[in-house]
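The model shown is predicted, which means the values in this text are computed figures rather than measured ones. Naming: A, B, ... by sequence-line order, numbering from 1 per chain.
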There are 2 protein chains.
Amino acid sequence: MRHINVIGIGAGDPDHLTLQAVKAFARTEVFLLLDKNEQRQELVELRLRMIEEHARPGHRVVQIPDAERDRTTPAYREAVDDWRRRRSELVESLITEHVGPDGTGALLVWGDPCLYDSITAVLDEILAQGRTEFSYDVVPGVSSVSVLAARHRTTLNRVGRPVRITTGRRLAAEGFPPGAEDAVVMLDGRGAFAGIDPEGVHIHYGAYLGTPDEILVSGPLADKAEEIARLRQEARDAKGWIMDTYLLRRTEG
Amino acid sequence: MRHINVIGIGAGDPDHLTLQAVKAFARTEVFLLLDKNEQRQELVELRLRMIEEHARPGHRVVQIPDAERDRTTPAYREAVDDWRRRRSELVESLITEHVGPDGTGALLVWGDPCLYDSITAVLDEILAQGRTEFSYDVVPGVSSVSVLAARHRTTLNRVGRPVRITTGRRLAAEGFPPGAEDAVVMLDGRGAFAGIDPEGVHIHYGAYLGTPDEILVSGPLADKAEEIARLRQEARDAKGWIMDTYLLRRTEG
C-alpha cells in the first residue's frame, strides 16, 4: 500500500529534526513539496538541504506551488474551506502522479504538524472521498512555540496554570482583558500585540526562531511594543517574509 | 564558565531526540539525573540508554533522588513553592559538586521543558541567589502533547481556533462547560475527564506515548470515559506508574 509520511521538520534550525524524522526521510522515495508563493526562497533552500543531507540515494523531489488562500475576504472560515478544498485536489494529484501504488512519499511541515497546520485534515479529506488509497502517519516536530520558550528560557505556563494558544486575528478581535490566561499568539501577520492594553502584560517575542536571523525581545509590553513593531517591519522589509510568535503573560496575579 | 544544558528528551521514544539534543549530549561532561521516587525504573533505564548511545566517551552520570512534593496538602501553590525551594538546593549542590568551573553539565527533561516543568525556574532561582555562577541554555524537545496529536493524526486546534493547555486539577475544579475551548489536559493523576459533562465532547486519549506500551483511545467521551478509566487503572496497576494526556474537543460548533 502507498504510504505518506507527514514529517514535522522544526522551526527553522536543521538540528530541530528528530531522529524519527531523519529515519522517515531515509524511508521516503519521493518528497512532495508545496511552495508558498511568497519570497521564502531561504526556506525552500533550507528544506532542500535537509533532504539532501538525510534522504536515501535515488530519492525524488517534486516541487509545486501551494494553493493560495484569499486573504482579502472577511469570510475567513469560507476562504479557509475553499483553500483547503483546492489544496486537497493538489495534494491528491501529487500523490497519484508521483507516489507509486507501493511507494512512500513525504510531506514536510515546518514546526509541528499539530499546530495550525491543515495537512492531516487535507489527507483525511482525500481518503474520505475514496478515489485514492494510502496510509499515512505523522512524525511530531519541534514547534516554534517550544523554540520560543526555550530561547527565552521560560515556560509556556506558570505553575499549575493554563496557557492558551491562539491567533493574532483572535487577539485583535478579543483583546487581552485583565484576568485573561497567558497566551501564545501565532499567525499574527499584523502585530496584534500593539493593539491591546499593555498594562501589566509581559511579552516574550521571537522571530525566525532557531535561525541565524533570530530576533528575541522580552519585557513589559508597554515598553517593548513599539520596538518589536519596528524590528518586525524592518526584518520583513529586508527579507520579504517573517515567521514570528510570542507569549503574553500577566505580571501580576 | 560553567555551562548547563537543559535538554528536552521527548515523550518516551528515544527517536524523539532532536539532532540538537544529540549534539548537546555529545558536549556534556556530566549528566545530572534527578530520579522521581516512584516505580519508573523503565524511564530511568531508557534515559541511561540514551546517554550511553549519544554521550561522549568519558562522560559521567550522577543520579540522585529528586525532591518530593507534598501531595497530601490542599495548599497546592505552597506545596509547589516549598518543593521548588528544596529542588533548587538539590540542583545547586549537584552543580557545585559535580560540574567543574569550566565544565558542562546536563539536566534531562522528559517531553519539552516549556510545558509544566520547573527546571528553568529552579536554575533562575539559583542564579538569583548569586552563590553559584553558570550559564545555561534550553534545547526544546517533542512534548507528549505533540505526540498525542501525531498519533491520533489530528491537530490541537481547529481552523483558526484557540486551544487551552491545562491541568487535570483545573479541569476537575472548573469543568468543561459548553462553549469552552478545546483543551489539552496534562498532569491528570485522577482522571478528571470522567467527572465532566460528556455531552458533545470528543476525547483523544494517549498514555505512554511513543513507547511500546502506548495506549490510544479516541471517540465520544460519553462512550469512552469508562473504557479509558479502566485501561489507565489496569496499566497503572501493571506498571506502577502512568504518563498520559488527552485532548477534549466539542463536536458541535
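Only the backbone of A:Asp117 comes within less than 4.5 Å of a heavy atom of chain B; no side-chain atom from C-beta onward does. In this structure, chain B has no heavy atom under 4.5 Å from any part of A:Val6. Using a 4.5 Å cut-off between heavy atoms, A:Arg84 contacts chain B through its side chain alone, with no backbone atom that close. With a threshold of 4.5 angstrom between heavy atoms, A:Thr120 approaches chain B through side-chain atoms but not through N, CA, C or O.
Heavy-atom minimum distance, A:Arg170 versus B:Gly160: NE-O, 3.1 Å. The minimum heavy-atom distance linking A:His16 with B:Thr18 is given by the pair O-CG2, 3.4 Å.
Note that the CZ atom of A:Arg153 and the OG atom of B:Ser135 stand 8.0 Å from one another [nearest 0.5 Å]. Taking OG1 of A:Thr155 as the reference point, atom CG of B:Asp112 lies at 10.5 Å (rounded to 0.5 Å).
For CD of B:Glu133, the number of neighbouring non-hydrogen atoms (other residues, nucleotides, ligands) closer than 6.0 Å is 12 at most. B:Arg190 CZ: 12 or fewer foreign heavy atoms inside a 6.0 Å radius.
B:Leu19 has its side chain within reach of A:Val22: a pair of non-hydrogen atoms, C-beta onward, lies under 4.5 Å apart. Side-chain atoms of A:Arg161 and B:Ile165, non-hydrogen and from C-beta on, never get closer than 4.5 Å to each other. The side-chain heavy atoms of B:Val147 and A:Gln20, taken from C-beta on, include no pair separated by under 4.5 Å.
For the set A:Asp137, A:Leu148, A:Leu123, A:Leu115, the count of heavy-atom pairs under 4.5 angstrom toward chain B peaks at A:Leu115. Between chain B and the residues A:Ser118, A:Pro140, A:Gly141, A:Pro113, the most heavy-atom pairs under 4.5 angstrom are made by A:Pro140. The residue among A:Arg164, A:Arg151, A:His152 with the most heavy atom pairs within less than 4.5 Å of chain B is A:Arg164.
A salt bridge is defined here as a Lys NZ or Arg NE, NH1 or NH2 lying under 4.0 Å from an Asp or Glu carboxylate O, and A:Asp15 with B:Lys23 meets this definition.
If you run side chain to side chain contact (heavy atoms under 4.5 Å, CB included) between B:Cys114 and each of A:Val184, A:Leu156, A:Thr154, only A:Leu156 comes through. In summary, of the residues considered (B:Val159, B:Val163, B:Asn157), a side chain to side chain contact (heavy atoms under 4.5 Å, CB included) with A:Tyr116 occurs for B:Asn157 alone.
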